[in-house]
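A single structure is presented below for examination.
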Amino acid sequence: MLKETLKLYPSWDIEKTAIPQRSRLYHLEPIGIGTPYVESLTGYVQRLAHEHCVTVRRLTITEIAPLMGKEAKLQDESISKVFGTGRDRTAFNGTGFMATNLVGAMSALTRRLDLHYLTLLPWAQVISKRGLLRRHRAWCPKCYQEWHDNHTSVYEPLLWSINTAQVCPYHHQPLQEQCPHCHQQQLTISGDSRTGHCNKCGKWLGNNRHKTVFTSLIKSEAERNRQLNIVNNLGELVAVTPTLNSPPNLQKVSNTISSYILQVFKSSIPAFSRQSGMNKATIGLWCKGKVIPQIDNLLVLTHYLEISLLDLLTTDLLLTDSKNSSLSPKLNVVKQPRKSYKHLDLERKQVLNVVLTEVLKEYPAPSLEYVALRLRYRPLVLQYHFPSLCESIKIRHAEYRKVSKQQKIQPILEAALKEFPPPSLLSINRRLGYKNNSYLYRYFSELSREISKRYKEYQKASGQEKRERICQEIIDIAQLLHETGHKPTQARVTQLLTKPGVMLSWYAKKTLRDVQNSLGYE
């Protein structure tokens, strides 16, 4: 009898496998993240709609609009309430709230956390949204055709939506903005958008059988090289976005520019302005960190400094000494200094220090320009030698102007509380030269609220009085018709009213029904 042997088998894990949460729409991977030709967010929406075999309009109305809080505003299958009209739609690839809103909605639908790289949102602190994006769709026909012929995904690169990008970095030809078939310009995204096809006539935009129609005015080789340099700078910027450890900081850029002007031009903004050809007021606001630079101005600055746009926005290259070999030879060329106004003898400096200290006690507080005029010095001279005192003088003058302005406005607001009929706060703003109520609400909140409250109460009382007068007129006319043997119908009463149009209001109709019931009419 054979001896029975038992075999040991590995145990089974009968616990249920954790299934990750599923996305509402396909977890579609964006194209080109980390490259100069990264896909745009509006192009991603079009490609996602194509993958789901629906139109952009249908995808927007049923899925995107509810997440953007605009579902109730949609009418007649229109997506303009979601995407805006005309130039507004380009903002979805930019640096503002519209881009943030769409990124949030698409991330919730696809469960992707990298969609902000399809916009310029990471650069919002250092690049102004003014003049950043072009108003109409642009494309390179050869890129479309190559992608189609190679059986790769046809898409819309973010680079094509930037206003200063005028040429294709790969084919060195101008981007096209008009359909070669219907010769119309197109919106960045619309309800009938299809990647690689015209939004108007629906025909293919690739460069296969039709002659390309160029709208650019690039005529010389030098201009073409300049445009290629610009588009390469922009491409480098969007390519490096995913590797940024933290968003670029405006104050850091301001310090970089200020430090360069200090080293090379001895803090003379006008000298730098003359050398670079840029507006000195704009440069001054950059140095103070009060204005976010526009993309075209940044490109002019980088061309002058002979550095890349990425270096200007992310590194401390300009903070090094101007004689350092890391700087371009162009930066080492220092113009002949202006006539020296920086040397004052010790005795004169002591006298001026005492005078400026006494100026801080004057009332009304004078401006620095007025003080400089009295002392027969330029404001820059005083600011160079006495920076803290001059800053205090400027602050005192600004505070004095602010208080003085408020002292003039307060009596006007108090007088408005006694006017009859009560004026609206907006009309008072117009009298003072303001466009809206923000200034008055900020500095005169109590008076502004009182004026608004008084105006609303007056409007409410006037409206009530008007309604009562109309209702009484309807009652009188209805009774008159009844006494003359005519049924007081709506048509007959309307003909006898002073203003027949009031019969369209709900309270007029209700009053007439009540009178008819009281007179025995059904």
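We count residues from 1, following the sequence as given.
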* Is the His397-Tyr370 ring centre distance short of 6.0 angstrom? -> no
* With distance as the sole test, does Arg449 use its side chain to make a donor-acceptor pair with the main-chain N or O of Phe444 at under 3.5 Å? -> no
* In sequence, state the C-alpha distance, the side-chain angles, and the governing distance for Phe272 and Tyr304, and then conclude on ring pair (Phe, Tyr, Trp, His ring centres under 6.0 Å). => CA-CA 11 Å; Phe272 179 58; Tyr304 168 72; 5.7 Å; yes
* Asked: Is there side-chain contact between Glu39 and Pro157, with at least one heavy-atom pair below 4.5 Å?
  -> no
* Can you check whether Arg442's main-chain N or O pairs, donor with acceptor, with Ser445's side chain at less than 3.5 Å? -> no
* **Side-chain heavy-atom pair Leu118, Leu115 within 4.5 angstrom cut-off** => yes
* Between Gln166 and Leu175, is any pair of side-chain heavy atoms under 4.5 Å apart? -> no
* Quick one: closest heavy-atom pair of Thr119 and Pro122, and the distance? => O-CD, 3.9 Å
* Asked: Would you find a donor on one side and an acceptor on the other, under 3.5 Å apart, between the side chain of Arg112 and the backbone of Ser107?
  -> no
* Asked: If you count the non-hydrogen atoms of other residues, nucleotides and ligands that lie under 6.0 Å from CG in Leu113, is the total more than 12?
  -> no
* Would you say Asn517's side chain and Arg513's backbone share a donor-acceptor pair under 3.5 angstrom? -> yes
* **Thr62 side chain vs Arg58 backbone, donor-acceptor pair below 3.5 Å** => yes
* Got a second to check how far Leu425's CG is from Leu413's CG, nearest 0.5 Å? -> 7.5 Å
* **Presence of salt bridge, Glu177 and Arg137, under 4.0 angstrom** => no
* **Pro248 side chain near Trp123 side chain, heavy-atom distance below 4.5 Å** => yes
* **Worked check of side chain to side chain contact (heavy atoms under 4.5 Å, CB included) between Glu236 and Leu309** => CA-CA 8 Å; Glu236 184 182 18; Leu309 180 60; over 6 Å; no
* Report yes if the side chains of Leu109 and Tyr26 come closer than 4.5 Å at any heavy-atom pair, otherwise no. => no
* Within 6.0 angstrom of Tyr507 OH, more than 12 heavy atoms from elsewhere -> yes
* To do: Assess whether side chain to side chain contact (heavy atoms under 4.5 Å, CB included) is satisfied between Gln186 and Cys198, documenting all intermediate values.
  => CA-CA 7 Å; Gln186 306 165 47; Cys198 176; 3.6 Å; yes
* Let me see the working for His50 and Arg194 under side chain to side chain donor-acceptor pair (under 3.5 Å), right down to the final yes or no. => CA-CA 8 Å; His50 177 72; Arg194 288 175 59 205; 5.8 Å; no
* Is a side-chain N or O of Lys509 found less than 3.5 angstrom from the main chain of Met503, in a donor-acceptor match? -> no
* Structure fact -> One should read off an interatomic distance between Gln383 CD and Leu389 CG, to the nearest 0.5 angstrom, of 12.0 Å
* Any donor-acceptor N/O pair, Asn199 side chain to Ser190 backbone, under 3.5 Å -> no
* Asked: Side chain of Arg396, backbone of Glu362: donor and acceptor closer than 3.5 Å?
  -> yes
* Quick one: are the ring centres of Tyr44 and Tyr117 less than 6.0 Å apart? -> no
* Does Arg492 reach the main-chain N or O of Ala478 with its side chain, forming a donor-acceptor pair under 3.5 Å? -> no
* Structure fact -> Tightest non-hydrogen contact, residues Thr188 and Gln46, listed as O-NE2, 3.4 Å
* Looking at Glu457 and Arg454, does any basic side-chain N land under 4.0 Å from a carboxylate oxygen? -> no
* Can you list the steps and then say if Asn93 with Thr42 is a side chain to side chain donor-acceptor pair (under 3.5 Å)? -> CA-CA 7 Å; Asn93 296 322; Thr42 52; 3.1 Å; yes
* Would you say Leu352 and Leu375 make side-chain contact, with heavy atoms under 4.5 Å? -> yes
* Asked: Taking 4.0 angstrom as the limit, do Glu473 and Lys466 come out as a salt bridge?
  -> no
* **Smallest separation among heavy atoms of Ala416 and Ile428, with atom names** => CB-CD1, 3.4 Å
* Structure fact -> Minimal heavy-atom distance between Gly235 and Leu159, with the atoms involved, is N-CD1, 3.7 Å
* Please report the shortest heavy-atom distance between Leu25 and Glu63, naming the atom on each side. => CD2-CG, 4.3 Å
* How are the rings of Phe420 and Tyr458 set relative to one another: parallel (under 30°), tilted (30 to 60°) or perpendicular (over 60°)? -> perpendicular
* Structure fact -> Here the gap from Leu299 atom CG to Leu234 atom CG, rounded to the nearest 0.5 Å, amounts to 5.5 Å
* Asked: Between CD of Gln495 and CD1 of Ile477, what distance do you get to the nearest 0.5 Å?
  -> 10.5 Å
* Looking at CD1 of Ile470 and OG1 of Thr511, how far apart are the two atoms once the value is rounded to the nearest 0.5 Å? -> 9.5 Å
* To do: Return yes if some donor-acceptor pair links the side-chain N/O of Ser404 with the main-chain N/O of Tyr400 below 3.5 Å, else return no.
  => no
* Check whether any side-chain heavy atom of Thr95 sits under 4.5 Å from a side-chain heavy atom of Leu132, and report yes or no. => yes
* To do: Working to the nearest 0.5 Å, report the span between CG of Leu59 and CZ of Arg57.
  => 12.0 Å
* To do: Walk me through it: do Glu468 and Gln472 pass the test side chain to side chain donor-acceptor pair (under 3.5 Å)?
  => CA-CA 6 Å; Glu468 290 175 357; Gln472 188 58 49; over 6 Å; no
* To do: List the steps and the verdict of side chain to side chain contact (heavy atoms under 4.5 Å, CB included) for Ile64 and Val45.
  => CA-CA 10 Å; Ile64 300 176; Val45 173; 4.1 Å; yes
* To do: Answer yes or no: does atom CD of Glu465 have more than 12 heavy-atom neighbours from other residues, nucleotides or ligands under 6.0 Å?
  => no
* Asked: What's the verdict on side chain to side chain contact (heavy atoms under 4.5 Å, CB included) for Asn163 and Ile295, showing C-alpha distance, side-chain angles and the deciding distance?
  -> CA-CA 9 Å; Asn163 194 30; Ile295 188 66; 5.8 Å; no
* Asked: Just wondering, are more than 12 heavy atoms of other shown residues or ligands nearer than 6.0 Å to CD in Gln251?
  -> yes
* Asked: Which atoms form the tightest heavy-atom contact between Cys182 and Cys201, and what is the distance?
  -> SG-SG, 3.8 Å
* pair Arg47-Leu28: side-chain heavy atoms closer than 4.5 Å -> yes
